[in-house]
Asks: 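My structure is below; once you've seen it, I'll send some questions.
Only a predicted model underlies this, so the values are computations on that prediction, with no experimental measurement involved. Numbering of ligands and ligand atoms starts at 1, following listing order. Scope of the values below: all heavy atoms of this structure, side chains included, with no hydrogens, waters or symmetry mates.
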Amino acid sequence: MNDSFSNLPRAAIVATGSYVPERVLTNADLEKMVETSDEWILTRTGIRERRIARPDEATSDMGTEAAKRALANAGVTAEELDMIIFATITPDMGFPNTACFVQANIGAKNAFCFDIEAACSGFVYGLDLCRQYIATGAARTILLLGAEKISCITDWKDRSLCVLFGDGAGAAVIRASDGKNGLLASVMRSDGRLHDLLKLPGGGSRNPATPETIAGGMHYMKMNGRDVFKHAVTCMTDVARKALDKAGLTVDDMKLIIPHQANLRIVNAIGERLGGGTDKYFVNLDRYGNTSAASIILALDEAVRVGRIQRGDRVLLIAFGGGFTWGATVLEW
Ligand code: UT7
C-alpha cells in the first residue's frame with residue numbers, strides 16, 4: 001500500500017531540465033528504411049518525428065546535459081546534491097550505474113547514486129522514491145533523471161517497433177517543499193505475470209550475449225503492441241483515478257494531465273475515460289515518439305517552459321511500461 005505521508009515533509013520539484021539529440025528522424029525518413037508510410041504512423045500513433053542520439057552519445061551523456069539544465073534552472077550546485085537516481089532501460093553499461101557517470105560528469109561529489117529500472121514508468125517510480133527519501137529526511141537535495149537511448153535496442157528492420165521510439169533525457173531537482181506545493185499523492189503498481197508482452201530478452205543473465213543471441217536479434221526490444229495497448233489504457237485510467245482519490249481531488253482540479261507519451265490513441269482513450277477535455281492532456285509524442293523513462297519528464301519540462309504549468313497548478317502524471325509497471329502521481333507545482 002502507498003500511504004499519503006501526510007504529516008511528513010513533502011517532496012517538491014524545484015526545477016526541471018531536458019535534452020534531446022540534434023538528429024531528427026521523420027516518418028518520411030522511415031519510409032525509406034522499412035515498408036511503412038507517414039499516413040500509417042501518424043494515424044496509428046500520432047508520431048511525426050523522433051530524435052536519434054549520435055553513435056558516440058550514450059544515455060549518461062544526454063542525462064548529463066539535462067542535469068546541468070535542471071541544476072541551472074533550480075539554482076542548485078552539483079555539490080549540494082546528496083542523491084542521484086537515474087531511471088533507464090538503456091544504461092551506458094551493465095555496470096557501473098548510469099547515475100555514477102552523471103555524478104562524475106557534473107562533479108556531484110557528495111551524492112550517492114543508483115539506477116532504477118521500471119521501463120517507461122521509471123521516472124514516476126523514481127518520484128515515489130524521492131517522496132520517501134525526502135519524507136524521512138534521508139536525503140535533502142535529489143537529482144532524478146529519466147533518459148534513454150532506445151535507438152540502440154531498436155531493430156531498424158522491424159517496422160512494427162522502429163517507428164515508435166526515440167531518444168532523449170530529462171532531469172528534476174527535488175527538495176522538501178517549503179509551502180503546500182509538492183507531491184500530493186502517488187500510487188504505484190506492477191504485474192510481473194505480463195512480463196512477456198514487452199521485453200529486451202538478450203544480454204542479461206537469462207540469455208547472456210552470444211553470437212547466437214545476437215544472430216536471433218535478442219538484443220532488440222520485443223513487444224506485443226495490441227496487448228500492451230489494451231493494458232496501457234485500462235491500467236493508466238485505473239491508477240490515475242486511484243491517485244486522484246488518494247489526493248482527495250478530481251480531474252477538474254488538474255491544470256494539466258501528462259500521460260506516458262507512447263501513442264496518441266492511448267492518450268485519447270484515457271481522456272475519454274477520465275474526462276476533462278483534450279486540452280488538459282499534454283502531448284509532445286508527435287515530435288519525440290516514445291522515449292520510455294524520459295517520456296514524462298521531457299513532457300513535464302516542456303509544459304513548464306511553455307507556460308502550461310504555473311506555480312500552484314495541480315498536475316497528474318500517469319505512467320505505464322514493461323514489467324508491467326504503472327503508476328500515477330498528483331502534484332502541486
Ligand atoms: O511504452 C510502453 C508502452 N507501449 C505502448 O504503449 C505501445 C502500445 N501499442 C501501440 O501503440 C499499438 O499497438 C501499435 C502502434 C504498436 C500498433 O498499432 P495497432 O493499431 O495495434 O496495429 P497492429 O499491431 O494491430 O497492426 C495492424 C497492421 C498489421 O498488418 P495486418 O496484420 O493487419 O496486415 C501490421 O503488420 O499494421 C501493420 N503494421 C504496419 N504497417 C505499416 C505494423 N507496423 C506497421 C508500420 N507501417 N510501421
Asks: Between Phe320 and ligand 1, is there a nitrogen or oxygen pair with a distance under 3.5 Å?
Replies: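 No, no N or O pair falls under 3.5 Å.
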
Asks: Donor-acceptor check, side chain of Glu31 to backbone of Thr36, threshold 3.5 angstrom: yes or no?
Replies: no

Asks: Counting non-hydrogen protein atoms only, what is the nearest one to atom 11 (O) of ligand 1? Give residue, atom name and distance.
Replies: Asn263 ND2, 2.7 Å

Asks: For atom 26 (O) of ligand 1, state which one of Arg226, His260, Arg265 supplies the nearest heavy atom.
Replies: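 Result: the heavy atom closest to atom 26 (O) of ligand 1 is in Arg226.
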
Asks: Test side chain to side chain contact (heavy atoms under 4.5 Å, CB included) on Trp326 and Cys120 and set out the steps.
Replies: CA-CA 8 Å; Trp326 66 102; Cys120 307; over 6 Å; no

Asks: Is it true that, when you exclude Arg311 itself, more than 12 heavy atoms of the residues, nucleotides or ligands shown sit nearer than 6.0 Å to its CZ?
Replies: yes

Asks: What protein heavy atom is closest to atom 20 (O) of ligand 1, reported as residue, atom name and distance in Å?
Replies: Arg44 NH1, 2.8 Å

Asks: If you have a sec, work out which protein heavy atom is nearest atom 5 (C) of ligand 1 and how many Å separate them, to one decimal?
Replies: Val228 CG1, 3.6 Å

Asks: Check whether any side-chain heavy atom of Asp286 sits under 4.5 Å from a side-chain heavy atom of Leu264, and report yes or no.
Replies: no

Asks: Distance to 0.1 Å, residue and atom name: give those for the protein heavy atom nearest to atom 47 (N) of ligand 1.
Replies: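 Here the nearest protein heavy atom works out to Thr36 OG1, 2.7 Å.
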
Asks: Between the side chains of Asp128 and Arg131, is the shortest nitrogen-to-carboxylate-oxygen separation below 4.0 Å, so that they form an ion pair?
Replies: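 Salt bridge flag = yes for Asp128 with Arg131.
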
Asks: Look only at interatomic distance and state if Arg159 has a nitrogen or oxygen under 3.5 Å from any nitrogen or oxygen of ligand 1.
Replies: yes

